[in-house]
Amino acid sequence: MTILKHLIYKEWVKTRWFASIALLLNLGVLVYIFMSLRSSFLSAGGVTYLSALLTYKTQFFSIYRYIPLGIALLVGISQFAPEITDKRIKLALHLPLHNLRIIYTMVVYGFVLLALCMIPGILIFTGLISIYLPAEITLPVLQTMLPWLLGGFCAYFLIAMIAMEPVWKFRFLYLLVSYKVLSLFFMHLPIGNAVSLLPVLCLVTCLSSIAPVYTSYRFNKGQL
Amino acid sequence: MEPNYVIQCINLTHYYGKKLVYENLNINVAEGRILGLLGKNGAGKSTTINILNGFLEPRSGQCLIYGENTQHLSPATKRRIGYLIEGHVQYAFMNVHQIEKFYSGFYPNWKRDAYFNLIDKLKITPHQKISTMSCGQRAQVALGLILAQDPDLLILDDFSLGLDPGYRRLFIDYMREYAKAEGKTVFLTSHIIQDMERLIDDILIMDYNRVLVQSPVQDFTSRFKEFTFELDRDDVELKEHPLAVNVEHLRNHYEFYTYGNETEVKQLLESQGIAYRNFKEEPMTLEDAFIGLTGKY
């Protein structure tokens with residue numbers, strides 16, 4: 001446990017400022033969306049606003065679409081850029097632990113940090129919009145946002161995968177594949193229509209979580 | 001009696017693509033010895049260091065450290081190895097206190113005082129990040145961390161890179177004193193061969209695809225000789241003779257590198273009917289011997 005605590009300490013030193021920015025960004029955007037909703041609700045009148053939402057299916061929260069991706073980039077890059085600079089990852093892999101444990105402690109740390117940056121904000125946001133919106137609207141809103149959140153997690157795993165890859169040309173290849181994979185999560189779908197996609201997106205996110213194992217294995221074998 | 005080997009590389013063969021780095025390389029490092037690995041750029045020094053640290057899988061053969069294959073070192077064995085990455089790379093985003101706090105959790109015998117004794121000599125502020133330090137200061141932080149870890153084996157990859165002469169001397173003197181006093185085994189590489197001379201017990205010189213020398217450094221420097229002489233012509237071909245390890249010449253001034261003695265070289269010249277003058281044995285440093293052995297190009 002002590003060893004893991006020390007490993008996490010290094011990750012914390014690297015990421016703490018970027019994670020703070022990510023947390024503020026997430027909360028800031030969600031508060032902005034809520035304030036806009038509240039203002040529209042109060043100025044247009046509740047019934048008119050709700051009927052407009054139901055009729056036109058306005059995505060009043062669309063500004064949030066790429067925020068999880070931005071948070072994943074902040075956390076992922078702050079965590080892995082220092083490790084690939086000067087091949088500093090060798091220092092971590094030289095620590096007296098099994099390599100898989102080292103890599104997965106880093107990845108799980110990033111995953112938890114990402115969740116801490118995004119999930120509490122989303123829960124508060126859900127609670128707040130429930131004041132003005134009925135469950136018939138709140139639920140599809142969350143269903144629409146869920147792919148974006150999953151996209152954030154998937155992007156983080158893919159950043160970890162790319163960072164561990166020892167060969168630059170493969171990094172570019174993975175970048176292209178990642179772009180294609182992530183575009184699945186950020187498709188412009190009408191509110192609530194992403195529900196059928198969610199199982200696939202969950203599966204892709206789960207699969208992406210094991211991708212860093214493959215590239216770290218390649219790094220360890222010195223694949224060129 | 002067979003020495004107790006800390007490092008054993010057995011029939012190591014590696015290629016990058018189709019390019020052979022070396023074939024059937026065998027290296028042994030006995031406990032308590034300081035071995036310096038020398039070679040020109042591309043001779044395979046970094047490849048060997050990477051294999052030793054488990055960052056590269058050889059095409060065939062294996063390296064053992066404390067009897068364990070370096071591809072699958074256990075945490076207990078990793079704990080016994082101190083590794084200095086080329087250029088004294090460390091976690092530059094940390095300051096000296098943070099990095100000490102980080103590493104101390106991994107090593108039960110962590111010697112905090114050994115680290116801070118070195119760090120206290122640096123003219124740095126307590127919260128100064130390693131990234132803002134000079135190369136010499138970074139080297140001292142890296143050295144301090146290794147001393148605090150108190151490993152049984154130290155692997156130092158190009159430890160002199162970027163260091164000015166004063167820091168190089170400090171590093172070498174500190175390392176030799178520490179290794180000898182504590183009975184540590186050291187495997188190191190450096191581009192600056194004059195540094196090696198003060199530090200190492202054994203030498204391993206690699207050339208492209210092969211090992212040229214592996215012996216105690218005293219044996220090598222006492223056996224390997226340079227003779228210079230002048231000939232009437234500048235087109236005499238002496239390289240093919242078994243006595244010649246390497247022959248360099250600038251016009252009619254010849255440098256003849258050999259494991260033979262003066263009499264043997266003179267006999268060679270006379271047997272070929274080659275008239276010579278100003279024949280003399282040149283004193284050589286380790287660097288001279290290295291260049292003599294591997295050639296200038």
Side-chain angles (χ1 to χ4, degrees), chain A residues 1-19 74-75 77-106 109 163-167 169-170 214-224, chain B residues 14-17 19 21 46-47 49-59 70-95 97-110 129-131 138 142 145-146 149 151 155 157:
Chain A
M1 191 59 202
T2 311
I3 282 183
L4 285 185
K5 213 167 73 184
H6 283 255
L7 205 52
I8 289 167
Y9 173 70
K10 169 171 75 77
E11 302 310 302
W12 174 240
V13 171
K14 276 186 295 188
T15 54
R16 56 190 168 165
W17 297 116
F18 293 90
L74 274 171
V75 171
I77 290 173
S78 66
Q79 200 181 356
F80 291 105
E83 298 290 347
I84 58 172
T85 309
D86 295 328
K87 292 192 176 170
R88 220 171 261 139
I89 188 73
K90 285 181 176 180
L91 292 170
L93 295 176
H94 186 71
L95 292 170
L97 289 170
H98 286 292
N99 289 351
L100 198 61
R101 200 170 165 203
I102 294 166
I103 298 298
Y104 258 87
T105 304
M106 291 168 76
Y109 166 86
M164 299 288 173
E165 168 57 46
V167 183
K169 67 178 177 190
F170 283 108
Y214 169 68
T215 49
S216 67
Y217 173 81
R218 280 175 50 79
F219 182 92
N220 234 35
K221 294 290 166 197
Q223 301 275 338
L224 293 171
Chain B
H14 195 65
Y15 289 78
Y16 286 120
K19 185 182 175 290
V21 181
S46 295
T47 302
I49 292 274
N50 282 333
I51 291 171
L52 280 177
N53 283 297
F55 298 131
L56 184 63
E57 188 174 31
R59 187 72 64 91
T70 57
Q71 294 301 302
H72 313 285
L73 288 176
S74 66
T77 299
K78 278 182 173 183
R79 196 171 282 128
R80 298 177 72 184
I81 306 168
Y83 175 36
L84 184 80
I85 297 185
E86 185 177 355
H88 310 100
V89 171
Q90 265 303 341
Y91 292 116
F93 50 85
M94 290 184 173
N95 63 39
H97 293 277
Q98 288 171 329
I99 204 164
E100 191 274 336
K101 186 176 168 185
F102 166 64
Y103 278 113
S104 64
F106 295 96
Y107 303 100
N109 301 325
W110 186 255
K129 283 212 166 70
I130 293 167
S131 58
R138 286 205 306 272
L145 291 168
I146 286 181
Q149 181 192 334
I155 297 175
D157 190 6

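Quick note: numbers below take in every heavy atom, side chains included, and nothing from hydrogens, waters or symmetry partners.
- Within the 4.5 Å cutoff, side-chain heavy atoms of B:Tyr83 are placed close to those of A:Lys90.
- Inter-residue side-chain proximity for B:Phe93 and A:Lys10 is flagged as met; some heavy-atom pair is nearer than 4.5 Å.
- Both the backbone and the side chain of B:Gln90 have a heavy atom closer than 4.5 Å to some heavy atom of chain A.
- Residue contact with chain A, scored on non-hydrogen atoms closer than 4.5 Å, is absent for B:Ala76.
- Of all the heavy atoms in A:Ile3 and B:Phe106, the pair that sits closest is CG2-CE2, 3.5 Å.
- Chain A forms more heavy-atom pairs under 4.5 Å with one residue of B:Val89, B:Asn50, B:Asn53 than with any other, namely B:Val89.
- Using a 4.5 Å cut-off between heavy atoms, A:Ile102 touches chain B through its side chain atoms alone.
- Under the 6.0 Å distance and 45° angle rule, B:Lys101 counts as a cation-pi partner of A:Tyr9.
- Distance check: B:Leu73 CG to A:Leu93 CG gives 12.0 Å after rounding to the nearest 0.5 Å.
- Put simply, the side chain of B:Phe55 does not reach to within 4.5 Å of the side chain of A:Ile89, judged on heavy atoms.
- Contact tally against chain B (heavy-atom pairs below 4.5 Å) for A:Ala92, A:Pro82, A:Pro96: the top residue is A:Pro96.
- Rounding to the nearest 0.5 angstrom, the gap separating the OH atom in B:Tyr91 from the CG atom in A:Asp86 is 12.0 Å.
- For B:Ile99, no part lies under 4.5 angstrom from a heavy atom of chain A.
- In terms of modelled atom types and a separation under 3.5 Å, the side chain of B:Lys78 and the main chain of A:His94 share no donor-acceptor contact.
- Applying the 6.0 Å contact sphere to NZ of A:Lys169 captures no more than 12 heavy atoms from other residues, nucleotides or ligands.
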